[in-house]
Amino acid sequence: MSKKDASARPEARLPKGLFDISAQEIRATGEMLRVIQGVFESYGFEPLDTPAIEYTDALGKFLPDQDRPNEGVFSFKDDDEQWLSLRYDLTAPLARYVAENYQNLPKPFRRYQAGPVWRNEKPGPGRFRQFTQFDADTVGASSVAADAELCMLAADTLEALGVPRGQYVVKVGNRKILDGVFESIGLNSNDTSKHLAVLRAIDKLDRLGVEGVRALLGKGRKDESGDYTKGANLDAKVIDSVIGFVTSDELPARGAIGEEGRAELAEMDRLFKASEFGNDRVKFDPSVVRGLEYYTGPVFEAELLAPIKDERGQLIRIGSVVSGGRYDGLVERFTGEKVPATGISIGVSRLLFGLQRLGSYKESASQGPVVVLVLDRDRIADYQKMTQALRQANIRAEMYLGESGMKAQMKYADKRGSPCVVIQGGDEKAKGEVQIKDLILGATLTSIENREEYLKKQAEAQFAVPETDLVEAVRRVLSRHQA
RNA sequence: GCCGCUGUAGCUCAGUCUGGUUAGAGCGCUUGACUGUGGAUCAAGAGGUCGGUGGUUCGAGUCCACCCAGCGGUACCA
């Protein structure tokens, strides 16, 4: 091919924020999903799946405009000119589903759902443009028992995934308490922009500390890189009051709304205590905000407490791995009818990322297939037959399908992580035998100095058996390496 | 979006400050020593638009400008 052709070829590359998923990761994720599913099932939730694509207007607030239809969400036009989008979470599709099937669903409706979601935004460490969420929601229950249960579910799930107690925490807050605070400091609830600015500032408490939040509530803040963030411009006295509130352990309530929120948290606390979920698992934290305009009552999030480092040993923060709360307005968007709902979402991709970084996630090493070497090309049928015999004995096996010689076939088997290979050349065929070579045992041979021991091990690692004993012999080798 | 850092072989990087013949290392890859036998050892080999474009210069991986990409922070985050 000429150079000109080369420049016309597409570059093999992956869009940013998106990743190929290797065999190992598929196995790890699959294992994780099964564990989560087991816990969710045990809580009585019922599975549901919905498509990756929804009508954009059903997804909510990110309606594509003419110029930038893909802000935040990936969107495209159907051939009937209607906007479609890739879902950006599993909650909006749930709301659509409930609204669409309201009559026939048992109320409260409790479902779990797992699947990829997409966000068209800048990726960061532990932040991707496609990631997997695992959600559980209860729709049609206004009792905070539903909320409390989700917090317990979050804690139970993390422990089931191997996060030791004490290395995570589920933090619980309540938007009503914050609303009470806003009321008491005279923040007009119509002034949403200031409202949001204050909420955002509070949300950053754990990251920026008290002084950072103070700056954001006041004139604004400059970060280490020199970027400047505009503040909420509150009076010093009001700032003190807000800071006093979010740093308090007491959750003091202000006003009628605040009192309502406090009562809800007290009720949740009672439920936690009754089921023996102590402060080492679930903790009240006034700075938990989440979702800004979205949540209407209790809000919760879980995070990993152990410090997480990147490849270079630099500390990185991946944020919360589970988040949720009560949203009483979502279904109403469709039906006009108020339907109370509460849910949590586990960031599976992020959690897996975090657990892997912590090294606390043990991936079960998976073994490659037994490889039947092809030495005499004209006897492929024989090799295929041996392979089938192994498969029928429930042994993962394959015949070498490449074109290369024996050495390359051995390398191939090695790379595949094969426990052993089956060898039958002309000599063995004449004797009606096959050779079994144990690659795992064989790998230990090079380190043996003592000649006698070496020979002994080598005889163990590779041996001949009658053709009829093939399956039996392979089984014996496999059993050597069972964990 | 804003700020900062980094772009040299498949990977990790040296070389850039102080411009000068064919641009290096380790790992990986291919082949061979090796008997029909992976992993060890030794040897050979393949592999590079030095992120891109323009400029300065007799001469640019090296200096300058702009652009692009990646990473990190920050903003936004249902």
Side-chain angles (χ1 to χ4, degrees), chain A residues 3 6-7 11-17 59-63 71-73 85 87-95 117-127 129 133 196-197 199-201 203-204 207-208 212 216 220-230 289-295 310-312 314-317 319-320 323-325 327 329-330 333 343 345 347 368 371 373-376 400 404-429 435-449 458 461-462:
Chain A
K3 270 202 168 141
S7 66
E11 194 185 340
R13 67 206 177 110
L14 204 52
K16 65 176 172 186
L59 287 182
K61 79 183 208 196
F62 288 89
L63 288 173
E71 183 75 357
V73 298
S85 295
R87 65 187 178 201
Y88 54 77
D89 71 7
L90 299 175
T91 311
L94 170 68
V117 302
W118 294 265
R119 294 187 188 180
N120 189 5
E121 54 190 29
K122 187 187 150 188
R127 265 179 86 151
R129 295 206 296 174
Q133 290 195 326
L196 292 179
L199 287 177
R200 282 192 210 109
D203 198 32
K204 295 183 176 78
R207 201 143 45 85
L208 303 180
L216 283 175
R221 174 179 176 274
K222 204 190 243 180
D223 70 52
E224 309 115 47
S225 70
D227 190 22
Y228 180 75
T229 310
K230 221 166 69 181
V289 176
R290 311 287 327 162
L292 304 178
E293 293 174 285
Y294 182 74
Y295 291 115
D310 68 11
E311 299 81 0
R312 295 170 185 192
Q314 291 250 311
L315 275 179
I316 51 176
R317 53 174 44 254
S320 61
S323 70
Y327 51 95
L330 264 192
R333 284 203 318 115
S345 179
V371 174
L373 303 194
V374 174
L375 300 189
D376 300 329
Y400 176 74
S404 303
M406 181 170 189
K407 197 183 173 89
Q409 296 189 35
M410 290 298 298
K411 276 193 171 186
Y412 170 79
D414 186 45
K415 250 191 180 152
R416 289 295 307 274
S418 301
C420 65
V421 295
V422 176
I423 305 166
Q424 190 188 53
D427 296 354
E428 289 84 6
K429 179 64 185 169
Q435 293 263 353
I436 312 291
K437 176 158 183 167
D438 182 334
L439 293 185
I440 299 170
L441 198 57
T444 64
L445 289 176
T446 44
S447 62
I448 297 173
E449 309 253 323
Q458 193 182 39
Q462 181 168 352

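Just so it is clear: chains get the letters A, B, ... in the order the sequence lines come, proteins before strands, and each one is counted from 1.
- Looking at heavy atoms from C-beta onward, A/Q435 lies out of side-chain contact with A/Q424 at the 4.5 angstrom threshold.
- Residues satisfying the salt bridge (Lys or Arg N to Asp or Glu O under 4.0 Å) criterion with A/D427, sequence neighbours excluded, are absent altogether.
- Of the listed nucleotides (B/G38, B/C77, B/U37), B/G38 has the atom at the smallest distance from the side chain of A/L439.
- Between the CD atom of A/Q424 and the P atom of B/U37 there is a distance of 17 Å, given to the nearest Å.
- Put simply, A/K230 has no side-chain N or O that comes within less than 4.0 Å of OP1 or OP2 on B/C76.
- One finds a side-chain N or O of A/R200 lying less than 4.0 angstrom from the OP1 or OP2 phosphate oxygen of B/C76.
- Using the Watson-Crick or G-U wobble rule with both distances under 3.5 Å, B/A25 pairs with B/U12.
- Rounded to an integer number of Å, the gap from CG of A/D427 to C1' of B/U35 is 12 Å.
- Dashed line: the shortest gap from a side-chain N or O of A/R207 to OP1 or OP2 of B/A75 is under 4.0 Å.
- One atom, NZ of A/K429, and another, C1' of B/G36, lie 17 Å apart when rounded to the nearest Å.
- The base of B/G73 sits with one of its N or O atoms less than 3.5 Å from a complementary donor or acceptor on the side chain of A/K122.
- B/G36 atom P lies 19 Å from atom OH of A/Y400, rounded to whole Å.
- Using Watson-Crick or G-U wobble geometry with both donor-acceptor distances under 3.5 Å, B/U6 finds its partner in B/A69.
- Whole-Å rounding puts the A/L375 CG to B/U37 C1' distance at 9 Å.
- Side-chain contact between A/D438 and A/Q462 is absent, with no heavy atoms from C-beta onward closer than 4.5 Å.
- If you run side chain to side chain contact (heavy atoms under 4.5 Å, CB included) between A/M406 and each of A/L373, A/V374, A/V421, only A/L373 comes through.
- Residue-level contact check: A/E428 touches the bases, meaning some heavy atom is under 4.0 Å from a base atom.
- Listed by residue number, the members of residues 408-417 of chain A with any heavy atom below 4.0 angstrom from RNA chain B are A/M410, A/K411, A/D414, A/K415.
- Here the C1' atom of nucleotide B/G70 and the NZ atom of A/K16 are 10 Å apart, to the nearest Å.
- Phosphate contact (OP1/OP2 of B/U37, side-chain N/O of A/K437, threshold under 4.0 Å): absent.
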